[in-house]
Amino acid sequence: MLLIRNIKELVQVEEKPVRFRAGKEMQNLPRIKDAYLLIDKGKIKDFGPMEKLGEIRADKEIDATGKMVFPCFCDSHTHIVYSGSREIEYIDKIRGLSYEEIAKRGGGILNSCDRLREDSEEALYEAAYARLEEMKSFGTGAAEIKSGYGLDTANELKMLRVIRRLKENSPLTIKANFLGAHAVPREYLGRQTEYVDLIINEMIPMVASEGLADFVDVFCDQGFFTVEDTERILMAGIKHGLRPKIHANEMARSGGIQVGVKYHALSVDHIEYTGDEEIAALKGSDTMPTILPGAAFFLNMPYAPARKIIEAGLPVAMASDYNPGSSPSGNMQLVLSMACVNYRMVAEEAINATTLNTAYAMDCADTLGSIAKGKTANVFITKPIPSIEFMPYAYGSNKVETVILNGEVQ
Ligand code: NIG
Ligand code: FE
């Protein structure tokens with residue numbers, strides 16, 4: 001048993017867990033001042049104010065005077081299995097080329113695809129594991145990881161096997177997402193429908209038969225896959241037991257949000273181009289609108305209308321999108337800062353967006369995303385901080401001191 005005592009504030013506590021927080025409720029972030037937290041067998045056993053702490057014999061105690069305890073961040077959208085880096089394109093972008101122009105010149109995702117095909121499973125695993133460790137040091141306890149740089153059957157399976165090894169060996173909770181429809185590979189240029197056929201007839205059945213993915217994803221956007229391609233892929237994925245998550249409306253109002261909702265996607269992600277029709281489609285659905293602040297920041301693209309979405313009564317989740325092309329960072333504390341500065345969210349909303357709501361967006365709301373009895377003990381202890389607002393405010397420093405995953409101090 002592990003006891004953390006004298007916690008300045010225990011953040012995001014739930015007596016009766018909810019699946020996510022939406023609309024005005026996003027400003028609700030339940031906390032207990034001067035609290036304790038008791039962890040047993042990898043799970044949260046009990047918590048409350050210090051004055052209610054009875055006689056407890058714990059094997060280990062941590063005194064958290066002046067420090068806060070949060071549930072770890074859930075990062076529901078990443079692409080951390082990749083080779084090399086793409087800083088040359090970053091400079092091209094600064095000089096004026098758009099993301100789509102870079103992709104058309106054979107850069108972008110296809111550049112990462114060339115490199116990944118040459119790399120061994122071992123090298124990919126080592127690099128991705130190191131990225132997970134860095135994410136953990138910033139307070140992330142769970143990550144969804146996508147394929148999508150292989151773009152042929154052998155290399156997509158290679159990526160998913162790397163993700164399976166990460167699942168087995170990393171202390172983080174990991175979900176695998178099959179994103180064969182990330183881009184049309186060079187050998188299929190001009191033959192997009194045939195590539196979609198390959199995804200449907202060969203890749204999805206193999207991925208499913210090896211149990212390599214939890215989700216299926218499509219980059220449904222202008223210049224990438226159409227709504228029709230997306231529908232075909234989602235139907236095939238669903239038939240094989242894969243729940244959809246979609247890359248939608250990053251470049252244009254592409255219909256990606258509506259098609260996601262139609263097929264009960266767990267989340268629609270990016271969503272920079274969201275208008276009244278998209279909001280109407282999301283209302284009453286079970287699809288989590290997910291914003292990726294790092295990508296919009298790094299590509300210098302328009303920001304998704306987070307306030308408008310929240311004011312419509314909807315939830316918002318926020319993830320890192322950690323990838324070599326549009327967001328080479330998995331620092332969720334930075335996502336908190338961007339949520340506040342660029343999307344005009346208050347600290348409570350930003351914390352809900354990166355914990356409980358992202359847990360929902362990666363199908364982990366039952367076990368992660370909040371401090372609730374019986375949930376997995378994935379929490380971090382901060383350095384001494386004055387307030388929860390200090391987390392997004394001090395945007396350049398790592399405020400996390402100790403990370404505990406599955407009840408184990410890391
Ligand atoms: O989520 N938008 C599509 N895919 C990734 C970028 C991948 C890349 O550029 O390598 C994203 O931003
Ligand atoms: Fe992405």
Side-chain angles (χ1 to χ4, degrees), residues 72-82 85-87 89-91 93-94 98-100 102-103 108-109 112 128 130-132 134-146 148-149 172 177 179 182 217 219 221 245-251 267-274 288-306 309 316-345 347 349-355 357-358 361-362 391-400:
C72 280
F73 298 115
C74 293
D75 193 346
S76 61
H77 183 136
T78 81
H79 309 246
I80 58 163
V81 178
Y82 64 83
S85 52
R86 307 219 307 259
E87 64 278 11
E89 290 171 16
Y90 162 72
I91 299 300
K93 259 175 248 142
I94 289 168
S98 73
Y99 185 78
E100 277 174 285
I102 289 172
I109 295 166
S112 289
R131 289 179 193 118
L132 278 178
E134 193 194 32
M135 289 158 67
K136 182 174 86 178
S137 73
F138 290 118
T140 296
E144 180 255 36
I145 311 176
K146 299 172 198 295
Y149 291 123
L172 277 81
N177 190 344
L179 177 58
H182 198 192
D217 203 329
F219 189 2
D221 222 323
K245 275 166 72 74
I246 312 274
H247 281 73
N249 296 36
E250 180 184 7
M251 310 294 161
S267 69
V268 284
D269 301 23
H270 280 290
I271 63 168
E272 279 80 0
Y273 291 89
T274 297
M288 177 62 69
T290 301
I291 295 175
L292 308 172
F297 162 77
F298 191 78
L299 299 178
N300 202 19
M301 305 265 280
Y303 293 120
I309 297 172
V316 160
M318 285 187 161
S320 76
D321 196 19
Y322 193 174
N323 77 78
S326 66
S327 184
S329 166
N331 182 346
M332 289 292 278
Q333 294 179 51
L334 207 44
V335 170
L336 285 184
S337 302
M338 292 181 202
C340 296
V341 173
N342 297 330
Y343 296 85
R344 315 317 288 169
M345 287 160 68
E349 290 172 322
I351 294 163
N352 275 313
T354 49
T355 57
N357 288 2
T358 36
M362 54 186 291
M391 290 294 283
Y393 160 85
Y395 73 90
S397 349
N398 187 357
K399 284 81 60 186
V400 170

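Heads up: numbering here begins at 1 and tracks the sequence. Source: prediction; values computed, not measured.
- For T358 (side chain) and T354 (main-chain N/O), a donor-acceptor pair under 3.5 Å exists by modelled atom type.
- Here the shortest heavy-atom pairing between R86 and G325 reads NH2-CA, 3.0 Å.
- Y82 is listed as a side-chain neighbour of R131, based on a closest heavy-atom distance under 4.5 Å.
- A side-chain donor-acceptor contact under 3.5 Å links E89 to the backbone of G108.
- Around OH of Y303, the count of heavy atoms belonging to other residues, nucleotides or ligands within 6.0 Å exceeds 12.
- In this structure, OG on S76 lies 12.5 Å from CD1 on I145, to the nearest 0.5 angstrom.
- One N or O on the side chain of N357 and one on the backbone of V316 form a donor-acceptor pair closer than 3.5 Å.
- Side chain of D75 to backbone of S320: a donor-acceptor contact under 3.5 angstrom is found.
- In terms of heavy-atom proximity, K245 sits nearest to S267 at NZ-OG, 3.0 Å.
- Take T290 and apply the side-chain hydrogen bond (donor to acceptor under 3.5 Å, both in side chains) test, not counting sequence neighbours, and it matches no residue.
- Distance check: K136 NZ to C72 SG gives 10.0 Å after rounding to the nearest 0.5 Å.
- Two residues are said to be in side-chain contact when any heavy atoms from C-beta on lie closer than 4.5 Å; L132 and I80 meet this criterion.
- Looking at residues two or more places apart in sequence or on another chain, you find no side-chain hydrogen bond (donor to acceptor under 3.5 Å, both in side chains) involving T78.
- Looking at L179 and H182, their side chains come closer than 4.5 Å, going by heavy atoms from C-beta outward.
- Listed here is the closest heavy atom pair of L172 and T140: CD2-O, 3.7 Å.
- Looking at H247 and K146, their side chains come closer than 4.5 Å, going by heavy atoms from C-beta outward.
- In this structure, the ring of H79 has its center no less than 6.0 angstrom from the ring center of Y322.
- The side-chain heavy atoms of M251 and E272, taken from C-beta on, include no pair separated by under 4.5 Å.
- Nearest heavy-atom pair, Q333 versus F73, reported as atom, atom and distance to 0.1 Å: CG-CE1, 3.9 Å.
- Taking every heavy atom of both residues into account, N398 and S137 meet most closely at ND2-O, 2.9 Å.
- No side-chain donor-acceptor contact under 3.5 Å links E100 and S98.
- Contact of the S326 side chain with the M301 side chain is not registered, since no non-hydrogen atoms from C-beta on lie closer than 4.5 Å.
- I109 places a side-chain heavy atom less than 4.5 Å from the side chain of Y149.
- A339 approaches M318 most closely through the heavy-atom pair CB-SD, 3.4 Å.
- Defined by atom type and a distance below 3.5 Å, a donor-acceptor pair is present between the side-chain atoms of N177 and D217.
- Under the 30°/60° scheme for interplanar angles, the aromatic rings of H270 and F219 are found to lie parallel.
- Residues I291 and P293 have side chains in contact (heavy-atom distance under 4.5 Å, counting atoms from C-beta outward).
- To the nearest 0.5 angstrom, D269 atom CG is 5.5 Å from H77 atom NE2.
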Could you walk me through whether F298 and Y90 pass the ring-ring contact (aromatic ring centres under 6.0 Å, His included) check? CA-CA 9 Å; F298 191 78; Y90 162 72; 4.9 Å; yes
